[in-house]
2 protein chains.
Amino acid sequence: MDRRQKKTREAIFAAFTTLLAEKGYHQISVQEIIDAADIGRTTFYAHFETKDYLLKDLCEELFGHIIDTAMGLPSGHYHCTCGSAEDSVFLHLLRHLQENDRNILELLSSENNELFLGYFKSNLKKLILSQYAEKGLLKEKSVPEDYLVNHISATFVETVSWWLSRNRKESPEEMTEYFLTLIRPVVEE
Amino acid sequence: MDRRQKKTREAIFAAFTTLLAEKGYHQISVQEIIDAADIGRTTFYAHFETKDYLLKDLCEELFGHIIDTAMGLPSGHYHCTCGSAEDSVFLHLLRHLQENDRNILELLSSENNELFLGYFKSNLKKLILSQYAEKGLLKEKSVPEDYLVNHISATFVETVSWWLSRNRKESPEEMTEYFLTLIRPVVEE
DNA sequence: ATAAAACCGAACAACATGTTTTGTAACAAA
DNA sequence: TTTGTTACAAAACATGTTGTTCGGTTTTAT
């Protein structure tokens, strides 16, 4: 009575993600999701109160996951398992994104990306707060801390967004360098 | 046959703006706008193809206006008519916003602010491009110019957004200082 | 005064949403 | 293997929204 439930939930997520890759969020009707997931109408509403909650749940799962794994890494640096260099958490995030795990990239560059970029940013804030702010790595003291945390998160999101809008021509390493150029004046490296 | 048209257009804009101040964009139905503006259904659709176009037209008018007046000012500085000091264009923008001319502030802090902040940002880019980029005032040369222009615009929008979320406790002068602290490393003052 | 335009109001089809009802299939525990 | 519970399906439903159409009225310019 649980494996079945999980399976349909996944089916809905999958159908929804696929649809999001081809049209805007607001252009997608519940009926389309139902058809694509091949489930009954009742079933959909048994799982999700509304389309907006479906979106919310999906985002929490996706961004919660990607941020949580990054959370496990040490503050400004971490020992990369694939290479030997000490890399920034941000480089790790970009690499993770580039692998397009669970189609996050598709969503972030989809028609309604502001929606997903918003969720991304709010999750990022938690990361910055715990990895930088609470460890005293914020250099700039003449502006409020939460203003600074918000700025760093927003700057990273904008960086990712700019990267995607140009079809990821640059490498994650390059993008990390761009990003660090912008925030180096305010954070300890 | 023209003053009449303009009048109803204004009535629709006014009704729409009022509604936007109290509920989210997607929660507003065309019928509500029609009722609030006290016009016929046919008339609405004669003016705007759809609700989305109404939004677009409204934003173009509002942000186009505020940016255009700022465009008229000299590059990094301008002679303020009210004071005697030379102030940044950004201070001018914040002051203009604080006067809440045409209820722009209401929209920017409304439920769907991402929507309006998006329009705001895209208009800001034009300003930054013409007032800074094209005049060689961008210090940082190690990152692409449009990446930098985007960053400055985004940072300003985030600054405004943060300011609004705290109910404008700070003065425009303070906010300008916060903002300049963040972007001073990359632009000529 | 007259013709063109902008407007109103009501009705319309098409579609979307969320609920309800009735019934079927899966599954876990006895 | 039977039994009771839970998840699902199918269809119908009330409700509300959208954008259009049509007949008729008011405004405005000339």
* Asked: Residues two or more places apart in sequence or in another chain: which of them pass ring-ring contact (aromatic ring centres under 6.0 Å, His included) with A:F120?
  -> A:F63
* Report the residues that fulfil ring-ring contact (aromatic ring centres under 6.0 Å, His included) with B:Y178, sequence neighbours left out, ordered by chain and then residue number. =>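 Expected list: A:Y147.
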To the nearest angstrom, how far is [X] atom [atom1] from [N] atom [atom2]?
X: A:R4; N: C:dA28; atom1: CZ; atom2: C1'; answer: 11 Å
X: B:K51; N: C:dA16; atom1: NZ; atom2: P; answer: 16 Å
X: B:H47; N: D:dT18; atom1: NE2; atom2: C1'; answer: 19 Å
X: B:F48; N: D:dT18; atom1: CZ; atom2: P; answer: 15 Å
X: B:D52; N: D:dT17; atom1: CG; atom2: C1'; answer: 14 Å
X: A:K7; N: D:dC8; atom1: NZ; atom2: C1'; answer: 12 Å
X: A:I12; N: D:dA7; atom1: CD1; atom2: P; answer: 13 Å
X: B:R3; N: D:dT27; atom1: CZ; atom2: P; answer: 12 Å

* **Interface residues of residues 25-46 of chain B with DNA chain C (non-hydrogen, below 4.0 angstrom)** =>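 Of all residues in residues 25-46 of chain B, the ones placing a heavy atom under 4.0 Å from DNA chain C are B:D38, B:I39, B:G40, B:R41, B:T42, B:T43.
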Sort and list the pairs that fulfil side chain to side chain donor-acceptor pair (under 3.5 Å) and have at least one residue in [range], not counting sequence neighbours.
range: residues 109-120 of chain B; value: none
range: residues 48-66 of chain B; value: B:Y25-B:D52
range: residues 97-108 of chain B; value: B:H96-B:D101

* Asked: With B:E177, which residues qualify under salt bridge (Lys or Arg N to Asp or Glu O under 4.0 Å), at least two apart?
  -> B:R184
* Structure fact -> Here the salt bridge (charged side-chain N to carboxylate O under 4.0 Å, His left out) pairs for residues 10-39 of chain A, sequence neighbours left out, are A:K23-A:E32
* Between C:dG18, D:dT28, C:dC27, which nucleotide has the shortest distance from any of its atoms to the side chain of A:T50? ->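 Taking heavy atoms from C-beta onward, the closest nucleotide is C:dG18.
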* Asked: A:E174 and A:T176: side-chain donor and acceptor closer than 3.5 Å?
  ->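 Distance-only check fails for A:E174 and A:T176.
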* Asked: B:F13 and B:F48: aromatic ring centres closer than 6.0 Å?
  -> yes
* Asked: So what does the secondary structure string of DNA chain C come out as, 5' to 3', with Watson-Crick or wobble pairs under 3.5 angstrom, [ ] for crossing and | for pairs with another strand?
  -> ||||.||||||||||||||||||||||||.
